[in-house]
> 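To start, I am sharing the structure in question, which I have written as structure tokens.
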Amino acid sequence: MKVVIVGGVAGGATAAARIRRLDEHAEIIVFEKSGYISYANCGLPYYIGGVISDPEELTLQTPESFFARFRINVKVRHEVIAVRPEKKTVAVKDLASGKVFEETYDKLLLSPGAKPVRPPFKGLESEKLFTLRTVEDTFRIKEYVEKHKPHLAVIAGGGFIGLETAENLRELGMEVTVVQSQEQLMTPFDADMAAFIHAEARKHGVNLALGHRVEDVYEADGQMEVRLQNAAPLRADMVILAIGVSPDTALAKAAGLQLGLKDSIVVNDRMETSSPDIYAVGDAVQVRHFVTKEESLISLAGPANKQGRIAADNICGGDSRFGGSQGSSVIKVFSLTAASTGINERTAKALGIDCDKVILSPLSHAGYYPGGRLMTMKVVFEKGTYRLLGAQIIGSEGVDKRIDVLATAIRAGMKATELKELDLAYAPPYSSAKDPVNMAGFIIDNIAKGLVRQWYAEEADALPRDGSVTLLDVRTAEEYEHGHIDGFINIPVDELRDRLTELDRKKPVYIICQSGLRSYIADRILTGYGFDCYNFAGGFRFYAAVRRNQAMSRSATACGMNQ
């Protein structure tokens, strides 16, 4: 059997190695148009910032190491320029010599990945304009930074690559502005959770131009000028385009393969395309979202690796299936860790899913053990069925652990109420006897049993201030004085039983505390005395973070820029 693989990196390289492990005698040829067969895409921004100092650390495999271990013939700087299914051949161009030749195959695997979106800006040919997708891109940026010592950088795009690059350029001492057409960075997160990401970026000196689309980029008077929609233009010594990627599927289209979303390659759960003996994996393919069952594009290394393995199994006569992707991801944002899995509240509502949420702020480990750090968790679930839809967590240590537990729970089909039953490891330096994931389950279980009804940050302004309801803040007097929501009276929870006469049992009570725990206790006390209570989801800490972000955005928009 002769297998030709187009493209390396995550999907193609994984498939090649798996095929060899399954078939010692298969002839395997990998064509990669860049100079690197297998490299760490996710590490590229950290090489620019000097966190990764040795460029060889970015290269996971070389053609020589691949051949030595697997006897796989890897040809870098070779671009496949045509696929001819009827002949079972590919046309290949040697980029070094310019020579074009044909290669036959029995099985063909396409792993072309995705390419950066490059709008038709005037300055596309400028040496000051960059994209970041390959090792070569990284070296070009690194060389420019070291040679020209730029001071001002504009990054178009506030996703993973844009934000990671912003952090690394900022750590080099550059003044950095991130321009994002949406009103928030990191769209896998809901706007309320993204508020914490915005605060961290601003805290470290990153300027945010949110809700502004880049209309053009061009060079003028030795600098780059970035023209924005509805805002003054930005000047920069360098510009990095990170406004997204699109499937690199020109080959597949020309070969007549069935295409789907944004011209991505349509595959079945065996990673088979519409053409016999042709498989496809990675960022170029359309996949089914595990939670929504909708067709999606999910450009992440984890799913690409899994798809490569599945395609390899099936090429070798097996029957492996890809169950879909739920988009689990994690990112470092200066001193914060932000992670998500499944879908967020915004997506659920857009799809017409009747959803609810819980928001909590647990410590990363036992409170009595030194060094515990607060995290903010948001868990989204379907009303009535309590199907887990997704989760978002922002904090420091322990975030990745909890998002992985929640991702596993979603994959296992657990109900949100069942999170309380998970038997998770506990020792004071690592967790609490009631792990944050368990705590989310306890809250959801209370909701399911009718013990708790919630109110939310987006409802705060609409609550009546005419005396028809009681607005109650149960934090300490000192906490209340440092900041509270207008119209809320303060009765600390520990004084509540002795001050019940100050409250009217005929009026609904909307309760808030710092994190949601004391307000829950107050809710149970008042409910026991016949009051009609609603507990705030997230606590005042969460409310204040969301409102600060909204205030900064409004103020900056009035000036034409979010800083």
Side-chain angles (χ1 to χ4, degrees), residues 2-17 19 27-41 44 58-67 72-118 124-125 130-140 241 245-257 259 262-265 267 273 275 277-285 299 304 307-308 311 315:
K2 182 177 180 180
V3 183
V4 169
I5 298 175
V6 181
V9 197
T14 295
I19 292 169
E27 181 183 358
I28 307 169
I29 304 174
V30 181
F31 294 112
E32 167 59 46
K33 66 182 177 181
S34 78
Y36 300 86
I37 179 59
S38 181
Y39 56 88
N41 296 71
L44 300 182
L58 297 173
T59 305
L60 305 178
Q61 291 280 358
T62 65
E64 294 77 18
S65 67
F66 230 48
F67 184 81
I72 293 172
N73 191 3
V74 175
K75 295 183 178 293
V76 295
R77 298 187 180 88
H78 280 66
E79 182 178 6
V80 174
I81 57 176
V83 175
R84 302 185 175 103
E86 70 285 353
K87 296 171 58 180
K88 299 191 81 167
T89 65
V90 295
V92 186
K93 182 177 183 179
D94 183 337
L95 298 179
S97 67
K99 177 184 175 183
V100 176
F101 60 93
E102 281 204 348
E103 192 75 56
T104 62
Y105 66 83
D106 296 312
K107 304 285 185 180
L108 177 65
L109 174 64
L110 301 178
S111 180
K115 56 188 177 182
V117 173
R118 293 172 64 91
L124 286 180
E125 302 307 316
F130 306 87
T131 58
L132 181 54
R133 185 71 181 173
T134 67
V135 173
E136 287 90 345
D137 294 336
T138 309
F139 290 163
R140 181 170 167 244
L241 298 181
V245 296
S246 60
D248 192 357
T249 55
L251 271 178
K253 187 174 185 177
L257 301 187
L259 302 181
K262 296 184 179 179
D263 280 347
S264 58
I265 303 171
V267 293
T273 70
S275 183
D277 296 322
I278 300 180
Y279 299 75
V281 300
D283 294 352
V285 306
S299 298
Q307 293 161 15
I315 285 171

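The chain is numbered in sequence order, starting from 1. Keep in mind that this is a model prediction, so the values were computed, not measured.
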> Any sub-3.5 Å donor-acceptor pair from Thr273's side-chain atoms to Ile278's backbone N or O?
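The answer is yes, because a donor-acceptor pair under 3.5 Å joins these two groups.
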
> Rounded to the nearest 0.5 Å, what's the gap from CD1 on Ile29 to CD on Glu103? Could you check?
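Atom-to-atom, Ile29:CD1 and Glu103:CD are 4.0 Å apart.
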
> Search all heavy atoms of Val245 against all heavy atoms of Ser299 and return the closest pair with its distance.
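Closest pair (atom of Val245, atom of Ser299, distance): CG2-OG, 3.9 Å.
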
> Strictly distance-based, threshold 3.5 Å: is any side-chain N or O of Lys93 a donor or acceptor partner for the main-chain N or O of Gly98?
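Side chain of Lys93 to backbone of Gly98, a donor-acceptor pair under 3.5 Å: no, none is there.
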
> Check whether more than 12 heavy atoms from other residues, nucleotides or ligands sit under 6.0 Å from atom CD of Glu125, and answer yes or no.
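Incorrect, the count does not exceed 12.
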
> Is a donor on one side and an acceptor on the other found under 3.5 Å between the side chain of Thr134 and the backbone of Asp137?
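Yes; judged by distance alone, with no hydrogens or angles, the pair exists.
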
> Does this structure show an ion pair linking Asp283 with Arg133, if we count only N-O contacts that are shorter than 4.0 Å?
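A salt bridge is present here (some side-chain N lies under 4.0 Å from a carboxylate O).
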
> If you count every heavy atom of other residues, nucleotides or ligands that lies below 6.0 Å from Lys262 atom NZ, does the total exceed 12?
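Counting neighbours around NZ of Lys262, 12 or fewer heavy atoms of other residues, nucleotides or ligands fall under 6.0 Å, so no.
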
> So, taking the atom named NE2 in His78 and the one named OG in Ser34, what distance separates them when rounded to the nearest 0.5 Å?
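Separation between the atoms: 12.5 Å.
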
> Let's go through Val76 and Val74 carefully: what are the C-alpha distance in whole Å and the side-chain angles of both, what is the deciding distance for side chain to side chain contact (heavy atoms under 4.5 Å, CB included) to 0.1 Å, and is it a yes or a no?
CA-CA 6 Å; Val76 295; Val74 175; 4.1 Å; yes

> Can we say Lys33 and Asp94 salt-bridge, meaning some charged N sits less than 4.0 Å from an Asp/Glu carboxylate O?
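Result for this pair is no, no salt bridge flagged.
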
> Hey, could you give me the CG/CG distance between Leu108 and Asp277, rounded to the nearest 0.5 Å?
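Reported value, rounded in 0.5 Å steps: 9.0 Å.
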
> If I compare all heavy atoms of Tyr105 with all of Val4, which pair ends up nearest, and what's the gap?
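Closest approach of Tyr105 to Val4, heavy atoms only: CB-CG2, 3.7 Å.
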
> Looking at every heavy atom in both Ala16 and Ile72, which two are closest together, and how far apart are they?
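Shortest heavy-atom separation between Ala16 and Ile72 comes out as O-CD1, 3.3 Å.
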
> Can you tell if the side chain of Leu109 reaches within under 4.5 Å of the side chain of Val281, non-hydrogen atoms only?
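Yes, at least one pair of side-chain atoms sits under 4.5 Å.
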
> Who are the ring pair (Phe, Tyr, Trp, His ring centres under 6.0 Å) partners of Phe139, not counting sequence neighbours?
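Counting only residues at least two positions away or on another chain, Phe139 forms a ring pair (Phe, Tyr, Trp, His ring centres under 6.0 Å) with Tyr47.
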
> Please lay out, stage by stage, how Ile315 and Tyr279 fare under the test side chain to side chain contact (heavy atoms under 4.5 Å, CB included).
CA-CA 8 Å; Ile315 285 171; Tyr279 299 75; 3.5 Å; yes

> Can you confirm whether Thr104 sits close enough to Lys2 that some side-chain heavy atom of one is under 4.5 Å from a side-chain heavy atom of the other?
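Sidechains of Lys2 and Thr104: in contact.
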
> What residues form a side chain to side chain contact (heavy atoms under 4.5 Å, CB included) with Ala82, not counting sequence neighbours?
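If we apply the side chain to side chain contact (heavy atoms under 4.5 Å, CB included) test to Ala82, skipping adjacent residues, the hits are Arg84, Ala91.
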
> Where the side chain of Glu27 meets the backbone of Val3, is there a donor-acceptor pair that is under 3.5 Å apart?
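Checking the backbone N and O of Val3 against the side chain of Glu27, no donor-acceptor pair under 3.5 Å is found.
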
> State the CD-CG distance between Glu32 and Leu95, to the nearest 0.5 angstrom.
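Spacing of CD (Glu32) from CG (Leu95) equals 10.0 Å.
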
> Can Val92 and Ile81 be said to form a side chain to side chain contact (heavy atoms under 4.5 Å, CB included), step by step?
CA-CA 6 Å; Val92 186; Ile81 57 176; over 6 Å; no

> Quick one about Lys115 and Ser246 (side-chain donor to acceptor, distance below 3.5 Å, no hydrogens or angles considered), yes or no?
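The criterion, which ignores hydrogens and geometry beyond distance, is not satisfied for Lys115 and Ser246.
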
> Could you state the interatomic distance from CD1 (Ile28) to CD1 (Ile5), rounded to the nearest 0.5 Å?
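One finds 6.5 Å between CD1 of Ile28 and CD1 of Ile5.
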
> Ignoring hydrogens and angles, tell me if any N or O in the side chain of Ser65 forms a donor-acceptor pair with the backbone of Thr62 under 3.5 Å.
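Yes; at least one donor-acceptor contact below 3.5 Å.
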
> Check whether Ser264 reaches the backbone of Val285 with its side chain - one donor and one acceptor, N or O, closer than 3.5 Å.
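Judged by distance alone, no pair lies under 3.5 Å.
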
> Between Asp263 and Lys253, does any side-chain N to carboxylate O distance fall below 4.0 Å?
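Yes, this pair counts.
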
> CZ/Phe130 to CG/Leu241 distance, rounded to the nearest 0.5 angstrom?
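If I round to the nearest 0.5 Å, the distance is 10.5 Å.
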
